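Letters A, B, ... are given to chains in the order of the sequence lines, protein chains preceding strands, and every chain is numbered from 1. Note: hydrogens, waters and symmetry copies are ignored here, and every other heavy atom, side chains too, is used. For clarity, every value in this text was computed on a predicted model and none was experimentally measured.
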Number of protein chains: 2
Amino acid sequence: MADKTDSNPIASIYTDGACSGNPGPGGWGTVVCYSDGTIEELGGAAGATTNNRMEMQAAIAGLEFYSQRASGDAIKLYTDSEYVKNGITKWIKGWKSKGWKTAAGKPVLNQDLWEELDRLNQKQIQWEYVRGHAGNPGNERCDQIARAFSLGQSIQLRKGTQLEGNVTVTKPTTPKSTTYMETPAMATDLDSILKPLTIAQEISTQGFLITTQEVAVITGLTAATITSRGEQWHWRNWEVSRVREEGGQILWQLERSEV
Amino acid sequence: MADKTDSNPIASIYTDGACSGNPGPGGWGTVVCYSDGTIEELGGAAGATTNNRMEMQAAIAGLEFYSQRASGDAIKLYTDSEYVKNGITKWIKGWKSKGWKTAAGKPVLNQDLWEELDRLNQKQIQWEYVRGHAGNPGNERCDQIARAFSLGQSIQLRKGTQLEGNVTVTKPTTPKSTTYMETPAMATDLDSILKPLTIAQEISTQGFLITTQEVAVITGLTAATITSRGEQWHWRNWEVSRVREEGGQILWQLERSEV
RNA sequence: AGACACCCCCUUCA
DNA sequence: TGAAGGGGGTGTCT
């Protein structure tokens, strides 16, 4: 059942991706809806990418956020991409059994993100398709976030507020306090700025080994990005080193670097 | 050499086929290019058929037109179907010497059209493959014609005009003399006349529910036509009734009507 | 196993 | 209006 330490479980998650040009600069947006009706928004941008990758990225962010909270509640994850929904719920089985070949015998594209999505996927996640631009408030808001990021515009990510039923009015919200996010990362308030840093610090001082997934959660990077960076790389104040593999999982170590 | 009664010989012929559903209602388009740069267009529709039959039909129409003019000029015939090009230039020799058996020992399909194509074929015909949807104006225009016919839409076939390099502009130019061709195309033998009827009868007696696409295949109507006919309508000996929707698909029932 | 074409669907853009 | 990123499927042959 649900983790009892959490009195306000996640009820549903909305995701959407956008891409300015396809391929082109992209953005993604995710809205986490809690049982009490409040919401929390995530979003990010990416360089040259495709619409479908952004749709996937939005879902990955939602699932990472979900798994991070460790509340095993059953939730619905809404996407307006049949590509994402069918891919994770139907096609991926065939892909894995056929060595990541498409029905036409060609390699499945975006395999890196598919594998990440698959790893994050759980029984509790109920994938739902919502028609895009059909007035669904959650989806509209995600679209707004994703599009803003894809255009390099600033947008205020909200937390703890209510989702407005009337989305069409949602103007380029308050271009003041630019909570702009550079890349796949999330920082919606002061706490969430400090939190990953202190955690990283603790891990580093304790010498803990952590998995790729955990590195992803802390850094806000995708697992694909992490593994592609090689044996040793920098993140903020830390040097991230690949230590070894264990049970199919890569283990990493953080060490405070001098800068 | 060239027939001297003709001062404006044919230079090349483009052909293409389309099929709405495959199998399903089909269409074909052919563009004849003269030496002086003017063109003449042919096109036609067919009921339940396949993409490959339509590709062949387009070539047959082009060759019939060519042989009719009796100008023995060497021409190039462009098709985007390797099936057609390889079939007529390579495979057909083996088929004829092996009694119309495929390399796998199975009967060669569409033998009727292959024989017709073979009869029309000449030394002067130089078969050329062009990649489909690659911007080739002649191929692009054929595609447009073929698709229009396959969808049951009307399209203005042109004659004497220039082929526009910019195909996307292709306006309904010269809405006079509609060289529209009804083209029976499919009912080549008794079996193909009877078959849809017996199938319709079986479906009606068994009370089976069938999809719009299946109705299209049986009746030779386009899906657009079918859905536009409303809840209940007549086809041949049957009353076609829209029963319900299921998984985004409309289900229909056939009932034998008195008439 | 390969190739070409045809179709259906969704999304993202211009 | 038209184009790209993506999937599933059929028509056909070697």
Side-chain N or O of A:Thr102 less than 4.0 angstrom from OP1 or OP2 on D:dG6? no
D:dG5, D:dT14, D:dG7: which one has an atom nearest the side-chain heavy atoms of B:Ala103? D:dT14
Using a heavy-atom cut-off of under 4.0 Å over every strand shown, decide if A:Gly26 touches base, sugar-phosphate, or nothing. nothing
Atom OH of A:Tyr83 and atom P of C:C8: how far apart are they, to the nearest Å? 21 Å
If you assign each of B:Arg131 and A:Gly21 to its closest nucleotide in RNA chain C, which residue comes earlier from the 5' end? B:Arg131
Would you tell me if any nitrogen or oxygen in the side chain of B:His133 comes within less than 4.0 Å of OP1 or OP2 on C:C6? yes
Value in whole Å for how far the P atom of D:dG6 lies from CD of A:Gln111: 14 Å
The nucleotide from C:C4, D:dG6, D:dT10 with an atom nearest the side chain of A:Leu109 is D:dG6
N-O pairing of A:Arg141 and A:Glu41 below 4.0 Å: yes
Measure from the side-chain heavy atoms of A:Asn22 and tell me the nearest of D:dT12, C:C7, C:U12. C:U12
How many whole angstroms separate atom NZ of A:Lys101 from atom C1' of C:G2? 13 Å
Spacing between B:Asn110 atom CG and C:C6 atom P, to the nearest angstrom: 16 Å
Whole-Å gap separating P (D:dT1) and CD (B:Glu140): 17 Å
Using residues 95-104 of chain B as the side-chain source, report each donor-acceptor pair under 3.5 Å to any protein atom, sequence neighbours left out, with the distance given to one decimal.
| from | atom 1 | to | atom 2 | distance (Å) |
| --- | --- | --- | --- | --- |
| B:Lys96 | NZ | B:Asp118 | OD2 | 2.7 |
| B:Ser97 | OG | B:Lys93 | O | 3.3 |
| B:Ser97 | OG | B:Gly94 | O | 3.0 |

From the options C:U12, D:dG8, C:A5, select the nucleotide whose nearest atom is closest to the side chain of B:Asn51. C:A5
Selected nucleotide, minimal atom distance to B:Ala18 side chain, candidates D:dG7, C:C13, C:C7: C:C7
Does C:U12 have OP1 or OP2 under 4.0 Å away from a side-chain N or O of A:Ser150? no
Identify which nucleotide among C:U11, C:C7, D:dT12 has an atom closest to any side-chain atom of B:Asn52, counting heavy atoms from C-beta outward. D:dT12
Side chains of A:Gln57 and A:Glu55 only: does a donor on one sit below 3.5 Å from an acceptor on the other? no
Any idea which of D:dT10, C:A5, C:C7 is nearest the B:Asp16 side chain? C:A5
In terms of side-chain heavy atoms of B:Asp80, which of C:C4, D:dG6, C:C6 is nearest? C:C6
Can you figure out which of C:U11, C:C6, D:dG11 approaches the side chain of B:Thr50 most closely? D:dG11
Ignoring backbone atoms, test whether B:Tyr129 places a side-chain nitrogen or oxygen under 4.0 Å from the OP1 or OP2 oxygen of C:A3. no
Rounded to whole Å, the NZ-C1' distance (B:Lys93 to D:dC13) equals 15 Å
Spacing between A:Glu82 atom CD and D:dG8 atom P, to the nearest angstrom: 13 Å
Return yes if a side-chain donor-acceptor contact under 3.5 Å exists between B:Asp80 and B:Tyr14, otherwise no. no
I'd like to know if the side chain of A:Trp127 pairs up with that of A:Asn121 as donor and acceptor (distance under 3.5 Å, no hydrogens or angles considered). yes
Give a yes-or-no answer on whether the side chains of A:Gln111 and A:Glu115 include a donor-acceptor pair shorter than 3.5 Å. yes
What is the distance, to the nearest angstrom, from the CH2 atom on A:Trp95 to the C1' atom on D:dG7? 7 Å
Give B:Gly87 one of three labels, base, sugar-phosphate or nothing, depending on what nucleic acid heavy atoms sit under 4.0 Å from its own. nothing
Closest listed nucleotide, where the reference is the side chain of B:Val108 and the choices are C:C6, D:dC13, C:A14: D:dC13
